[in-house]
> 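Quick one: this structure, given as structure tokens, is what I'll be asking you about.
In what follows, chains are A, B, ... by sequence order, proteins preceding strands, each numbered from 1.
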2 protein chains.
Amino acid sequence: MSLDHYFIQLANHKLKKTPKRIEILRVMNSKNTYFSPQELWAMLKEKFQKIGLPTVYRILQQFQEIGIVASIQKEDNQLYYFLCSIKHSHHHFICRKCKKVSCVEYCDFEQIKKSVEEQLQSKAETHFLQIEGLCKDCLES
Amino acid sequence: MSLDHYFIQLANHKLKKTPKRIEILRVMNSKNTYFSPQELWAMLKEKFQKIGLPTVYRILQQFQEIGIVASIQKEDNQLYYFLCSIKHSHHHFICRKCKKVSCVEYCDFEQIKKSVEEQLQSKAETHFLQIEGLCKDCLES
DNA sequence: TTGTAAACGAAAATCATTTTCATTTAGAAT
DNA sequence: ATTCTAAATGAAAATGATTTTCGTTTACAA
């Protein structure tokens with residue numbers, strides 16, 4: 001996706017188009033993988049002599065708030081971030097080899113919901129589904 | 001469930017039946033809800049004059065390793081623990097009102113898997129599903 | 001009853017994340 | 001182009017969950 005899309009979102013939310021923000025968007029947009037704040041920090045340090053880790057955390061949080069970034073939690077209990085502009089409910093497929101994140105627009109939750117509600121006589125309201133496996137590219141190679 | 005079941009598991013894994021472990025099992029078994037290590041610590045302090053938070057963490061980890069406890073992560077990025085002895089793949093329904101956790105033994109992952117694999121031409125290997133809502137008891141009251 | 005590995009408490013360490021505050025900067029207004 | 005101001009940033013410290021270390025205690029097998 002073009003960075004312009006993200007710049008528009010920044011403007012829409014009155015977030016300044018700063019060099020650090022641009023670089024984070026550039027790095028994250030260059031691959032579809034997820035990043036830890038530390039990884040992004042390491043990459044930004046190659047470009048900026050002065051760049052603090054809190055800045056990276058702040059920017060990621062803001063990006064999440066304005067809906068251009070989403071996060072996942074792995075087993076290590078750390079948060080990882082990736083670009084994602086989808087607003088409505090959806091799920092993520094994560095490649096265990098290349099770390100690529102793909103959005104899954106369809107999930108037949110109604111089926112699961114029905115099954116759960118019957119089993120437990122409860123009301124299922126929200127659900128969180130995360131799928132891991134091998135992506136197309138990693139399957140082929 | 002009777003505590004004896006858990007005592008047998010302790011013995012099977014050569015974990016001693018200590019007062020702290022017994023009390024944690026008693027507390028967790030008294031409700032089917034999830035607990036934070038801090039919550040459990042607070043409850044144990046009522047019974048023991050000397051009880052360290054690391055002990056609670058250690059016991060919970062060991063219980064998870066021997067398969068009598070499972071954990072969930074909430075939005076606050078903290079880990080919560082609850083009694084669960086199911087060995088095979090399953091999912092959890094969490095009541096947002098009373099914090100009760102129920103195991104969901106059925107989930108038609110094949111359907112989801114097929115859909116994801118077709119959409120992304122990838123191979124789905126594992127998945128994590130967590131459902132939130134209102135349990136039977138909270139619905140009725 | 002005794003020996004020993006396991007369990008524990010206390011204190012400190014770790015590590016991700018957040019806050020504070022003084023300084024700098026993007027971008028709007030002039 | 002210059003000025004102004006709120007937003008952004010860096011540095012350092014704080015926070016808070018979780019883990020480690022290590023010396024002492026305890027469960028339980030012999």
> Other residues, nucleotides and ligands only: do more than 12 of their heavy atoms fall within 6.0 Å of NZ on B:K14?
no
> Flag yes if more than 12 heavy atoms outside A:K74 fall under 6.0 Å of its NZ atom; otherwise flag no.
yes
> Kindly indicate, with the supporting measurements, whether the criterion side chain to side chain contact (heavy atoms under 4.5 Å, CB included) is fulfilled by A:D137 and A:K97.
CA-CA 10 Å; A:D137 294 342; A:K97 192 172 168 203; over 6 Å; no
> What residues, two or more places apart in sequence or in another chain, satisfy ring-ring contact (aromatic ring centres under 6.0 Å, His included) together with B:H5?
none
> Whole angstrom is fine here: how far is it from CD in A:E23 over to C1' in D:dA8?
17 Å
> Can you measure from CZ (A:R21) to NZ (A:K16) and round to the nearest 0.5 angstrom?
9.0 Å
> Could you tell me how far apart B:E65 (CD) and D:dT19 (C1') are, to the nearest whole angstrom?
13 Å
> Let me have a per-nucleotide readout for nucleotides 21-30 of chain D, 5' to 3', with B, S or -, counting only protein heavy atoms under 4.0 Å.
B-----BS--
> Tell me the side-chain hydrogen bond (donor to acceptor under 3.5 Å, both in side chains) pairs involving residues 120-130 of chain B, sequence neighbours left out?
A:R96-B:E125, B:H91-B:H127
> Using atom names, set out every protein N or O paired with an N or O of nucleotides 15-18 of chain D below 3.5 Å, distance rounded to 0.1 Å.
from: D:dT18; atom 1: OP1; to: B:L79; atom 2: N; distance (Å): 3.3
from: D:dT18; atom 1: OP2; to: B:Y57; atom 2: OH; distance (Å): 2.3
from: D:dT18; atom 1: O5'; to: B:Y57; atom 2: OH; distance (Å): 3.2

> Could you give the CD-to-P distance, from A:Q49 to D:dT9, as a whole number of Å?
14 Å
> Who are the salt bridge (Lys or Arg N to Asp or Glu O under 4.0 Å) partners of B:K45, not counting sequence neighbours?
none
> Working to the nearest 0.5 Å, report the span between CG of A:L44 and OG1 of A:T55.
9.0 Å
> Given atom CD1 of A:I66 and atom C1' of D:dA8, what is their separation to the nearest angstrom?
14 Å
> List for me each residue that meets side chain to side chain donor-acceptor pair (under 3.5 Å) alongside B:Q64, sequence neighbours excluded, and say none if there are none.
B:S71
> How long is the straight-line distance from SG of B:C138 back to NZ of B:K100, given to the nearest 0.5 Å?
6.5 Å
> Does B:Q78 have any side chain to side chain donor-acceptor pair (under 3.5 Å) partners at least two apart in sequence or in another chain, and if so, which?
none
> Give the first and the last nucleotide of DNA chain C, reading 5' to 3', that has any atom under 4.0 Å from a heavy atom of chain A.
C:dA16 to C:dG27
> Counting only non-hydrogen atoms, which of residues 24-33 of chain B are less than 4.0 Å from DNA chain C?
none
> Sequence neighbours left out, what pairs pass ring pair (Phe, Tyr, Trp, His ring centres under 6.0 Å) with at least one residue falling in residues 10-63 of chain A?
A:Y34-A:Y80
> With a cut-off of less than 4.0 Å, is there a side-chain N or O of A:K20 near OP1 or OP2 of D:dA8?
no
> For the helix from C:dT1-D:dA30 to C:dT30-D:dA1, what is the angle between the axes at its two ends, each from 5 pairs, rounded to 10°?
30°
> Given A:M28, which of A:L60, A:L3, A:T33 fulfils the side-chain contact (heavy atoms from CB on, under 4.5 Å) condition?
A:L60
> Quick one: which residue pairs count as a salt bridge (charged side-chain N to carboxylate O under 4.0 Å, His left out) with a foot in residues 22-41 of chain A, not counting sequence neighbours?
A:E23-A:R26, A:E23-A:K47, A:E39-A:K99
> Could you measure the distance from the CD1 atom of B:I72 to the CD1 atom of B:I94? Nearest 0.5 Å is fine.
3.5 Å
